[in-house]
Number of protein chains: 2
Amino acid sequence: MLDRTSPVSIKIVAERAGVSTATVSNVLNGKTSVSPVFAERVRRAVDDLGYVTDSSASRLRSGRHSLAGVVVPNLTNPMFSAFVSTLECVARQDGFDLLVVSCDNEAEQEAERLRSIRSWRPAGLIVIPCDGALSARLPKGGHPRIVVADRIPDDAGFDLVAVENALAAGAMASHLAAQGYRTCLVAGSTLEISNVRERWDGVAAVAPESVHMVECGLDPAGIHRRLRDRLRQGPRPDALFTLDHVTTLIAYQLLAELEISIPDDMGFASFDDTEWMRLVTPPVTAVRQPVEDMAHAAWAQLMRRMAGGDGAPEHLRLSCAIEIRGSTLRPKREPKNAAA
Amino acid sequence: MLDRTSPVSIKIVAERAGVSTATVSNVLNGKTSVSPVFAERVRRAVDDLGYVTDSSASRLRSGRHSLAGVVVPNLTNPMFSAFVSTLECVARQDGFDLLVVSCDNEAEQEAERLRSIRSWRPAGLIVIPCDGALSARLPKGGHPRIVVADRIPDDAGFDLVAVENALAAGAMASHLAAQGYRTCLVAGSTLEISNVRERWDGVAAVAPESVHMVECGLDPAGIHRRLRDRLRQGPRPDALFTLDHVTTLIAYQLLAELEISIPDDMGFASFDDTEWMRLVTPPVTAVRQPVEDMAHAAWAQLMRRMAGGDGAPEHLRLSCAIEIRGSTLRPKREPKNAAA
DNA sequence: ACCTCCCTATAAATCGTTTTACGAAGGCTA
DNA sequence: TAGCCTTCGTAAAACGATTTATAGGGAGGT
């Protein structure tokens, strides 16, 4: 792809204004003082030509960056798109543009994305890693500045902003127990994702006996099949608690398909609160993660590092709210198939 | 922000491999042939140091770009995030990274975003403009390569990929009429957005007498208030057709709030199909836009231009599907308040 | 009148890369 | 052995910007 679209460089501007390129640079960056007459001439030339500084050339020489990178597992998950959206907004306020890539939840792609994003020499990276092995996908000696968000890498050497997964999941388990749900099936994509693992641990810590976990995988068809098989075989649990958004979506449809009514036949709760959960009947009880806060915190931490902050890695955990809605409000009467 | 993180340049690699920088470049880009011995030495040095080419320096010298820009009204709207997600995926296959910015539906921000994105000298831009005046926000002489998507700018000089708004909206109006809905209220954000305008025109063309339009604006609180006032005053329409996702969401909640039951008291249909519309009861009839196709087409067109395609601007319109669901299936009995 | 000092504009160096032009070395023919 | 062609590595220039060092010119002091 040859560039024929942007022939307007600082040299052209300088020529048109009848000054040197250094003077143009000084006018635009306000480093050295420039006489009002020259400054005005330069400004007019800039306006006339619609000139904007070439950021990469500028970075190359000055070493001052105005680009940051974001790596997320995917962009269609509303969790992640909200994260990116918030990030984009707050980064811009600090004068940064954002290079956004998604890795489709695949380690291999993540490695390649990280490589290609590093090639732009961003001032820093914010990464929601697709698994724990993030550090294996970075150059051995001296990473770029990185803040990890949402999912916990095996390597504790990164700055980290995540949520209190175990606490929130435990609280949800308590709520279910308090509502009289005795047997609870917990469904999530895979325990290899730290979030799912921590959430399951949180549930298991609260209710060690009556809960079971089913790992459904990442692709929709597989989730549907595994969950359906699990619900058909053996005694039906009193409640279903799904640990991530994709699983929640498919589980909800599956319950309708199997004509299991919520909350009469089965209680239903979800980690990750999205707007449709308020719209369905009954509305779905969910753990609401502070996604925006997470984005703010991650960016703030990255800015601190970029400003030269050099201390030990910081690990921040934000707490979640539990939105109790109709899907877990157990009817007073005993359910039809209790202890079946 | 000073760069202290990436001291590994091609010069360091050359030194370690005991060759010149030109040779390193030749090995990496495969332009000129390099002897196997030297090539291997270089590759080892590259691996050891974790070197990746500085894309901006490379672009600066070679004029070959591997960056494209995307400007969208916002990222939280699932329509737009799906668009960006698809685009990111397909652009990557052609070796491009994506600079993503959102303008919060504000013209002023759009102008600033366009400026800052141009500073990266992208090979091309894909823009969903927030209003019709896009060309006023670009430099007078010679734009960067741009493909406009989804919304129609006043200036017909852009390549364009959008959907058959009027046709689809008209088809929906016909469906409503066929179901026996006689009076229909049409609600959308504002007629200043071309999509809303075209959709409304499409409805009006089919059913010129019994339809009315209400413009609700862009902010949630305003939409809720205006729509509520409109529904309270005067005779209640048989059906409500909302023209964009935000309005749909708020309208749906409002109907529940006003205890208007769907489809008995009122039919309900939406432009923009999102996943929750299948999950609620009754499920919501909606026009499904081919967002992924739109992204594919926009990128393909941009690639064509980047490859030197120089013809007249191309305007492509994709057709939409209508997903008929329970919310517009009128019960056989006469509705309670017919012709009230 | 001369010297000094500040103010401001510019020439030139530089960032990391690609490319062009050159030159060295080796193999071939006559 | 001289001459020529091919192969392959390197020095140096260039891309568009910023920065450092330098120079010119006017003002002010003695």
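Worth saying up front: this structure is predicted, and the values here are computed from it rather than measured. To find a chain, count down the sequence lines: A is the first, B the second, and so on, and within it residues start at 1.
A:Leu49 has its CG atom 14 Å from the P atom of D:dG16, to the nearest Å. Distance B:Leu60 CG to C:dG16 C1': 9 Å, rounded to the nearest Å. The CZ atom of B:Arg121 sits 20 Å away from the P atom of C:dT17 (whole-angstrom rounding). Whole-Å rounding puts the B:Arg118 CZ to D:dG16 C1' distance at 16 Å. Between B:Arg59 atom CZ and D:dC15 atom P the separation is 13 Å, expressed in whole Å. Rounded to an integer number of Å, the gap from CG of B:Asp54 to C1' of C:dT14 is 14 Å. Remark: P of D:dA17 and CG of A:Asn29 are 11 Å apart, rounded to the nearest angstrom. Put simply, CH2 on B:Trp120 is 16 Å from C1' on D:dC15, counting in whole angstrom units.
Nucleic acid contact class of B:Thr53 (heavy atoms, under 4.0 Å, all strands): sugar-phosphate only.
Residue A:Ala57 places its side chain closer to D:dA17 than to any other of D:dC15, C:dT17, D:dA17. Side-chain proximity of B:Arg64 to the nucleotides D:dC15, D:dT18, C:dT18 is greatest for C:dT18. The side chain of A:Ser62 lies closest to D:dT19 when the candidates are D:dT19, C:dT18, C:dC15.
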Show me the protein contacts with nucleotides 6-10 of chain D, counting only N or O atoms at under 3.5 Å.
unit_1	atom_1	unit_2	atom_2	d
D:dC8	OP2	B:Ser33	OG	2.7
D:dG9	OP1	B:Ser35	N	3.4
D:dG9	OP1	B:Ser35	OG	2.5
D:dG9	OP2	B:Ser35	N	3.3
D:dT10	OP2	B:Ser20	N	3.0
D:dT10	OP2	B:Ser20	OG	3.2
D:dT10	OP2	B:Thr23	OG1	2.6

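A donor atom on one side chain and an acceptor atom on the other are found under 3.5 Å apart for B:Thr23 and B:Ser20. A side-chain donor-acceptor contact under 3.5 Å links B:Asp97 and A:Ser116. With no hydrogens or angles considered, no side-chain donor-acceptor pair links A:Gln109 and A:Asp104 at under 3.5 Å. For the 3.5 Å distance criterion, the side chains of A:Glu292 and A:Thr86 fail to qualify, holding no donor opposite an acceptor.
In this structure, A:Ser25 reaches the D:dT18 phosphate: one of its side-chain N or O atoms is under 4.0 Å from OP1 or OP2.
Recorded end-axis angle for the helix from C:dA1-D:dT30 to C:dA30-D:dT1 stands at 60°, based on five pairs per end and rounded to 10 degrees.
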Exercise for review: Check step by step if salt bridge (Lys or Arg N to Asp or Glu O under 4.0 Å) holds for B:Arg59 and A:Asp54.
Suggested key: CA-CA 11 Å; B:Arg59 192 265 308 166; A:Asp54 182 324; 2.9 Å; yes
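Every residue two or more places apart in sequence or in another chain that forms a side chain to side chain contact (heavy atoms under 4.5 Å, CB included) with A:Ser194 is listed here: A:Arg151, A:Ile152, A:Arg197.
A:Lys11 has no carboxylate O lying under 4.0 Å from a charged side-chain N of A:Glu15, or vice versa, which leaves the two without a salt bridge. Comment: B:Asp131 engages B:Arg137 in a salt bridge, judged by a side-chain N to carboxylate O separation of less than 4.0 angstrom.
The CE atom of B:Met79 sits 8.0 Å away from atom CZ of B:Phe83, with the distance rounded to the nearest 0.5 Å.
For B:Arg61 and C:dT17, a side-chain-to-base donor-acceptor distance below 3.5 Å is absent, hydrogens and geometry of angles not being considered.
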